[in-house]
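Here's the structure we're looking at; comments come further down.
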Amino acid sequence: MSELLEVNNLTMNFKGLKAVSDFSVKLKENMIYGLIGTNGAGKTTVINMLSGVLKPSSGTVFFNGENITGLRPDKIAKKGILRTYQNLRLFKKASALQNVIIGAQMHKSYNNIEAIFDLSRFRNEEKELEASAMAMLRILGIENYAKERADSLPYGAQRKLEIARILAASPRILLLDEPAAGMNPQESVELVRMIKHIQEEFKLTILLIEHDMKVVMGLCEFIYVMATGQIIAQGEPQVVRDDPKVIEAYLGRTRKDV
Ligand SMILES: Nc1ncnc2c1ncn2[C@@H]1O[C@H](COP(=O)(O)OP(=O)(O)OP(=O)(O)O)[C@@H](O)[C@H]1O
Ligand SMILES: [Mg+2]
């Protein structure tokens, strides 16, 4: 089966408000997809459903041919679908390195009981974990902050740390909710380069929500556009950018988003 993620008619009702209706997409392996749309279009709600944070009102999600609709977030994460949050969620008081180790531990190959009886293996794995967490920080270019408290890092570095943390859990699919939010233009350019690099390095499928059109156009091979809970256009970046429905949806709200 060529699709890694197949989403059919995903719908979310919040007490009378249809935040998302009939959202259907097919994501192939090793591709970067964009999910764009004006404020309140339903983008984050889609990611909340795909990551298990919200149970869909109706519709289905298949990952690698397996029905994962409505599974708990930890179950979905273990399968390899990892997400970042629009508002950063780091362990603020832990160091940058510890944040990545916590992410990696989701896939550790020992359990706590085994660790008591086989300390040598435990120590080896701890060391390996630390080394691979450090390597992850290096890939993201934030290794200088390894020992610093997460909340003391510059904002752009915190955003990168969030990506490093989910990468450490060996994802197949990354769902990124506005990773460039709050970054200055130079940081955004760097982020694009970095996301492209990690996508190629780890052969990931990425679904990226982003308002910064430079980031979207620079990264995504295929774009879905949402307005009021529905997909109104989809296609390659140049096609979507010139689609009258897309222009109307954006110009109807804020011009700066286009
Ligand atoms: N938990 C919730 N309960 C009730 N309504 C919600 C909830 N979450 C989102 N909504 C509503 O659903 C709609 C879609 O919101 P969502 O956060 O998915 O939009 P978005 O496209 O991510 O917007 P933004 O670009 O501002 O992040 C909005 O009208 C929002 O107010
Ligand atoms: Mg959102």
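Remember, it's 1-based here, ligands and their atoms both numbered in the order they're listed. These numbers come from a predicted model, not from an experiment.
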Contacts of Glu201 meeting side chain to side chain contact (heavy atoms under 4.5 Å, CB included) (sequence neighbours excluded), chain-then-number -> His197
Ligand 1 contact by [X], heavy-atom criterion under 4.0 angstrom:
X      : answer
Glu178 : yes
Gly37  : no
His211 : yes

Check whether the side chains of [X] and [Y] place a donor and an acceptor atom closer than 3.5 Å, and report yes or no.
X      : Y      : result
Asn30  : Gln199 : yes
Asp177 : Thr44  : yes
Glu29  : Thr205 : no
Thr60  : Asn8   : yes

Checking a contact table here: which protein heavy atom is nearest [atom], and how many Å away?
atom                    : result
atom 17 (O) of ligand 1 : Thr44 CB, 3.7 Å
atom 31 (O) of ligand 1 : Leu17 CD2, 4.7 Å
atom 5 (N) of ligand 1  : Phe14 CD1, 3.3 Å
atom 26 (O) of ligand 1 : Asn39 ND2, 3.0 Å
atom 27 (O) of ligand 1 : Gln86 NE2, 2.8 Å

Here the pair of heavy atoms bringing Leu140 nearest to Ala164 is CG-CB, 3.9 Å
Note: Ile198 and Leu204 closest approach over all heavy atoms is O-CD1, 3.9 Å
Filtering Lys43, Lys18, Lys15, Met12 for the heavy atom nearest atom 25 (O) of ligand 1 leaves Lys43
Among Ala181, Gly229, Gly40, the residue with a heavy atom nearest to atom 13 (C) of ligand 1 is Gly40
Less than 3.5 Å between some nitrogen or oxygen of Gly42 and one of ligand 1, yes or no? yes
Would one find an N or O of Ala41, backbone or side chain, under 3.5 Å from an N or O of ligand 1? yes
Between the CG atom in Leu176 and the CD1 atom in Ile195, the distance rounded to the nearest 0.5 Å is 5.5 Å
Separation between OG1 (Thr45) and CE (Met49), nearest 0.5 Å, reads 6.5 Å
Counting only protein N, O or S atoms (no waters) closer than 2.8 Å to the Mg ion (ligand 2) gives 2
Quick note on ligand 1: atoms under 4.0 Å from a heavy atom of Ala19 include exactly 12 (O), 13 (C)
One finds that the ligand 1 atoms under 4.0 Å from a non-hydrogen atom of Thr45 are 9 (C), 14 (C), 15 (O), 16 (P), 18 (O)
